[in-house]
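Input: a single structure, listed below in structure tokens.
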Protein chains: 2
Amino acid sequence: MKADTQAKDVKLKILDAAKKLFAQKGFEGTTVRQICDEAGVALALVSYHFGGKENVFYALFEAFTPEFLHKDYALAEPVEDLLSLIRDFARFRLAEPELINLLQQEIMMQSPRLDKVQPIVFALWKQLRAILQAGKATGQFEYESLKHTVHFVVGALIFTRNSSFFDQLLQEDGVQTNEDEETLIRYTSDFILGGLRYEKK
Amino acid sequence: MKADTQAKDVKLKILDAAKKLFAQKGFEGTTVRQICDEAGVALALVSYHFGGKENVFYALFEAFTPEFLHKDYALAEPVEDLLSLIRDFARFRLAEPELINLLQQEIMMQSPRLDKVQPIVFALWKQLRAILQAGKATGQFEYESLKHTVHFVVGALIFTRNSSFFDQLLQEDGVQTNEDEETLIRYTSDFILGGLRYEKK
DNA sequence: GTCTATACCTCGATAGAC
DNA sequence: GTCTATCGAGGTATAGAC
């Protein structure tokens, strides 16, 4: 019992460290040593608990995959559904920026590890795709290419991040830092709905 | 003379191979051996011609940086400027998808190599930022947060790519493959201008 | 379960023949 | 200028003490 608890703590410490480092330096750019140092545990424990660096990666997504990915949007109200999806995704991105970051890297480089993670992302994007189709059918959304529109929406959703790289360039305006979750969601929804030519009633 | 020509060929072969591999597997995930194999040259030549793997990376961006980044948009006509920028970027992305890919990876993971490449990207985004501001001043663009809007636009611009990862999911509709450059540019412009609530005259 | 010490491999870079 | 052979550093994974 006590042993189990200790093990869980260590596993969690490793996962947290790996999440941070993978996002920062990529999977290949991160060493097991760095992970264990960051976690404050011995080098051997990654292999002991996970069976290798690669399995840490997979465990990361199993542990942190959000529940909303399994949610089924009704498609009866495409606008409402899209707003829900934007909100769900924005919240996940705010809660787990490193995971989004890492995922985006892996997608970009078509990593071999993607095979196992693909279903998770696909679930979300298939829903987005269905919502966009439904919205076009009801005449509420206007676009020509479904494929490209999914790209645009995903791009807008995923790229909105607090990267110091950007902030260097972009901080120097209205100084509206510390905006809350709801504000960010509104900005995102406004832009995307505009891109879909949805007219607010 | 002949020696120079040969050297140039080898350097170019290495750059091409590195471009492809870096985009595919990331900088850290690519080995010098892989680069040389892909280029069909001996292992030692990366060090001989470039002085190390890291310098191959920098040479890549010096060699392939597009001229339009140095273009100055007039800002008298924000809509026209934005359309030009979208067009310029889309063309670059179609011509050099690997470079965009690699750049995005590096940005995501805030790589130490970014310091030397940062100015290139900043040049473009600063222009985008200025155009968005100008368009808001003339009342043609409508948005609340400049910072987030830049994010959205960049996201839409950068994420539109022919990735087999996406196509798996998205190929199965109108079967409008092989659309040309102009069509892609129109889709992108339509979405972004919509997001900015620009009303076509 | 956790640690240290180490085996074994592959990395980037270079020396030296051609 | 280009090659092969090799060095030293640093990678992952594991054996064995505690």
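Note that the coordinates shown come from a computational prediction; the quantities given were computed from them, not determined experimentally. Labels below follow one simple rule: chain letters A, B, ... track the order of the sequence lines, proteins then strands, and each chain is numbered from 1. Heavy atoms only: backbone and side chains are in, while hydrogens, waters and symmetry mates are out.
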Which whole-number value in Å describes the distance from [X] [atom1] to [N] [atom2]?
| X | N | atom1 | atom2 | answer |
| --- | --- | --- | --- | --- |
| B/Lys25 | C/dT10 | NZ | C1' | 13 Å |
| B/Phe27 | C/dC11 | CZ | P | 14 Å |
| B/His49 | C/dT14 | NE2 | P | 15 Å |

Quick one: do the A/Ser84 and A/Asp81 side chains pair a donor with an acceptor below 3.5 Å? no
Summarise how protein sits on nucleotides 5-18 of chain D as a single string, 5' to 3': B when a protein heavy atom is under 4.0 Å from the base, S for sugar-phosphate-only contact, - for no contact. BB----BBBBB---
Ring centroids only, cut at 6.0 angstrom: are B/Phe57 and B/Phe61 within range, meaning strictly under it?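 Under 6.0 Å, so yes.
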For A/Gln34, run the side-chain contact (heavy atoms from CB on, under 4.5 Å) check against A/Asp37, A/Thr30, A/Val32 and tell me which one passes.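 When side-chain contact (heavy atoms from CB on, under 4.5 Å) is applied between A/Gln34 and each of A/Asp37, A/Thr30, A/Val32, only A/Thr30 qualifies.
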Atom pairs and distances, side-chain donor-acceptor, residues 20-29 of chain A, under 3.5 Å, sequence neighbours left out:
{"residue": "A/Lys20", "atom": "NZ", "partner": "A/Glu38", "partner atom": "OE2", "Å": "3.0"}

According to the ring pair (Phe, Tyr, Trp, His ring centres under 6.0 Å) rule, which pairs have a member within residues 96-119 of chain A, sequence neighbours left out? none
